[in-house]
Amino acid sequence: MNGRPELDIELTGQGEQAAQLVVALRPYNPEGIQFVESARYGDRCLTVNSKTEIHFSEEPSATHFSNYEQGDVLNYLDEDQSSAAECAVGMLTAALRFDLARDRSVGLRVPLQSEASCEDVHVRASSWESVLHDAAGLELPEQRYQYLYDAALRTTTLLSAEQIVPGPYTYKRFWFRDACLMMNALLAVNLPDRVARAFPTFMAQQKRDGYFQSQEGEWDSNGQVLWICNRYEQCTRERLDERMLESLARAVRWFRRKRVTAPSTLHHQLLPAGFSAEHFGPNDFYFWDNYWAVAGLRSAEQLFRRHGDSATADYCRQEAATMTHAIEQSLDAMPARRHKGGIPASPYRRLDSGAIGSMVADYPLQLRAKGDSALLTTCEHLLEHCFHEGAFFQDMIHSGQNIYLTLDIAQTLLRHGDLRYRELLDRVADLASDTGQWPEAIHPATGGGCMGDGQHGWAAAEWLMMMRNLFVREEEDYLQIGAGLLPRWLATDEPIRFGPTLTPFGKVSVDIGGPAGARQLGVAGEWFDEPPRLHVEIPGYRAFDLDPLQPRQALVAL
């Protein structure tokens, strides 16, 4: 409206007999109280607190207002109407009634803030078309999966408008962990600008000792920041500025000072005990933190070597080797009855639901080789003992079915060629709300949220990553194409497409056309250097390596 963004709402009521559609104003939102001290109606406009204007498409048949002393306006719908009211305690309520013969729609328009700023980031409101113009597109013959991708793309975009946050209400606060994982998804869907503009806010939250702190007692953040910074440079070939490099150089030296020196213990040279990612249990020496540290240091080695700083790169390599040795030494010293060949959450825990954190060594970090027996043992234990009705059930703190952790297991199954990832995908899709959203944890009895926001950014980001990896999955020296595509999609005559997605090798798009039984694969790449190996492994068809000079080829059925 007049060049400003606005929220458009259409309310529709239906009835067999004469009835009324009521639009109510109350002093609360999904998180708590939102005080309403005054409201007045006139000329199809409800003005709240003398500043927020709610415009209606037509005149109501009656308007009613009430304050705290009188009680809720619901009790006064049959009373004489009024057009304004004030409430000293901020608990004003209002109701606008519209006659409803059989069915009727009423439109509401609420002007929104036109721009926002956060530290060095300045964001101006834009249309969906402009914001998502370059985003990776997905085209599937299954409407449900298509709808969930489109919703997840918009959720992740909305939650990265200013500081990257994992939710719009309770979780509208900053965590490095959620931000870095959401940034990885933004790279995957070709929205690198939203990643780049988050880096200044990272530096603003770094402590003098090099610690990237969003919450005290979480030791995974430094590794995550180093990892996503390297991912950004790898996938875009853009260079971080000198200020950011200085910040990262302080971050890598934080690990040596922070590690615990305690010879003859299982946690010698590991990061201190903490509550880590919050959902593993009480304070402990979590392998999650230490795997992120190793990944961050290895990433930092690549980054600083790319910038010509060999001394810092060598330091990172030595630190990564030290921490890798500490992890392996800890695992080797654990009683076999405790770990049973897997990787528990910490050296002092048996295999339990907290072991989901150790799976980060596979996805997304790939610190252990494809086919690693410890990873597969851990994964199998989680599937057998920690899933409820087809989804991972976190029985500590976040008690409920967790979407992003279920998808993390699906990623491991996909990487290792285990077709059970399909069951997990379908279950996650079933658990989505009608609006295509997932809360952080889902109550197994009600199917509703029982933890965190109902529109969870990390969950949306992992759905984006899952859809992308079905088409294009990265290994260290090659790209795997199409291994996750579902046979029911391939059995149709509909086109199947995804891209462009950013990878360390360049920008890639994948499409499958032609009728069922005569499918053709196309891979379009904008490579940074020489094209990588493109290993095609589409279900129901023979695997082969695609010649980059012949980017379109007929698929041969098994």
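Looking at M359 and D408, their side chains never come closer than 4.5 Å, going by heavy atoms from C-beta outward. For the pair W458 and Y171, the minimum side-chain heavy-atom distance is 4.5 Å or more. Looking only at side-chain heavy atoms (C-beta outward), V36 and C87 stay at 4.5 Å or farther from each other. Inter-residue side-chain proximity for W175 and P166 is flagged as met; some heavy-atom pair is nearer than 4.5 Å. In this structure, S160 and L186 have side chains that are in contact, with non-hydrogen atoms separated by less than 4.5 Å. In this structure the side chain of L470 reaches within 4.5 angstrom of the side chain of L425, judged on heavy atoms. Side chains of R231 and S299 form no contact here, defined as non-hydrogen atoms less than 4.5 Å apart. For the pair T93/P27, a side-chain contact is recorded, criterion being any heavy-atom separation below 4.5 Å from C-beta on.
The NE2 atom of H385 lies 8.5 Å from the CG atom of L351; values are rounded to the nearest 0.5 Å. The CZ atom of R97 lies 8.0 Å from the CG atom of D99; values are rounded to the nearest 0.5 Å. One finds the CD1 atom of I356 at 4.5 Å from the CZ atom of F392 (value rounded to the nearest 0.5 Å). Atom OH in Y169 sits 8.0 Å away from atom CD in Q455 (nearest 0.5 Å). Note that CG of N402 and CE of M451 are 9.5 Å apart. Values are rounded to the nearest 0.5 Å. Note that CG of L413 and CG of L383 are 5.5 Å apart. Values are rounded to the nearest 0.5 Å.
The backbone N or O of T157 lies less than 3.5 Å from a partner atom in the side chain of R194, making a donor-acceptor pair. In terms of modelled atom types and a separation under 3.5 Å, the side chain of S221 and the main chain of F212 share a donor-acceptor contact. Between the side chain of Q401 and the backbone N or O of H388, at least one donor-acceptor pair lies under 3.5 Å. No donor-acceptor distance shorter than 3.5 angstrom exists from the side chain of N49 to the backbone of K51, with no hydrogens or angles considered. Between the side chain of D395 and the main chain of D352, no donor-acceptor pair closer than 3.5 Å is present. Looking at R250, its side chain never comes within 3.5 Å of a backbone N or O of R208 through a donor-acceptor pair. Although no hydrogens or angles enter the test, the distance criterion places no donor-acceptor pair under 3.5 Å between the side chain of Q163 and the main chain of T201. Side-chain atoms of T12 do not come within 3.5 Å of backbone N or O of S105 as any donor-acceptor pair. Checking side-chain atoms of N222 against main-chain N and O of G210 turns up a donor-acceptor pair under 3.5 Å. Of the possible polar contacts, one joining the Q146 side chain to the L138 backbone as a donor-acceptor pair under 3.5 Å is found.
Contact detail for V23 and F98: the closest heavy-atom pair is CG2-CE1, 3.9 Å. Heavy atoms only, all atoms of each residue included: R349 and G354 are closest at NH2-CA, 3.8 Å. Taking all atoms of both residues into account, the shortest heavy-atom contact from N190 to A136 is CB-N, 4.2 Å. Residues R427 and G390 share a closest heavy-atom pair of CG-O, 3.4 Å. In terms of heavy atoms, A152 sits closest to A460 at CB-O, 3.6 Å. What you find for P344 and S358 is that their closest heavy atoms are O-OG, 2.6 Å.
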Working for side chain to side chain contact (heavy atoms under 4.5 Å, CB included), residues V189 and R468: CA-CA 8 Å; V189 296; R468 183 262 204 173; 5.9 Å; no

Worked verdict on D72 versus R26 for salt bridge (charged side-chain N to carboxylate O under 4.0 Å, His left out): CA-CA 9 Å; D72 193 88; R26 288 195 168 89; 2.8 Å; yes

CA sep, side-chain torsions, deciding dist, call: N290, F285, side chain to side chain contact (heavy atoms under 4.5 Å, CB included): CA-CA 9 Å; N290 293 277; F285 299 89; 5.6 Å; no

Side chain to side chain contact (heavy atoms under 4.5 Å, CB included) assessment of L140 paired with Y149: CA-CA 10 Å; L140 290 176; Y149 175 83; over 6 Å; no

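In summary, D453 and K172 do not engage in a salt bridge, as defined by a charged side-chain N under 4.0 Å from a carboxylate O. Taking the charged nitrogens against the carboxylate oxygens, D134 and K507 have no contact shorter than 4.0 Å, which rules out a salt bridge.
When the options W292, F287, W219 are evaluated for a side chain to side chain contact (heavy atoms under 4.5 Å, CB included) with L271, the one that passes is W219.
Between F174 and F176, the ring center distance clears the sub-6.0 Å criterion.
Using modelled atom types, one finds a donor on one side chain and an acceptor on the other under 3.5 Å when comparing E59 with Y41.
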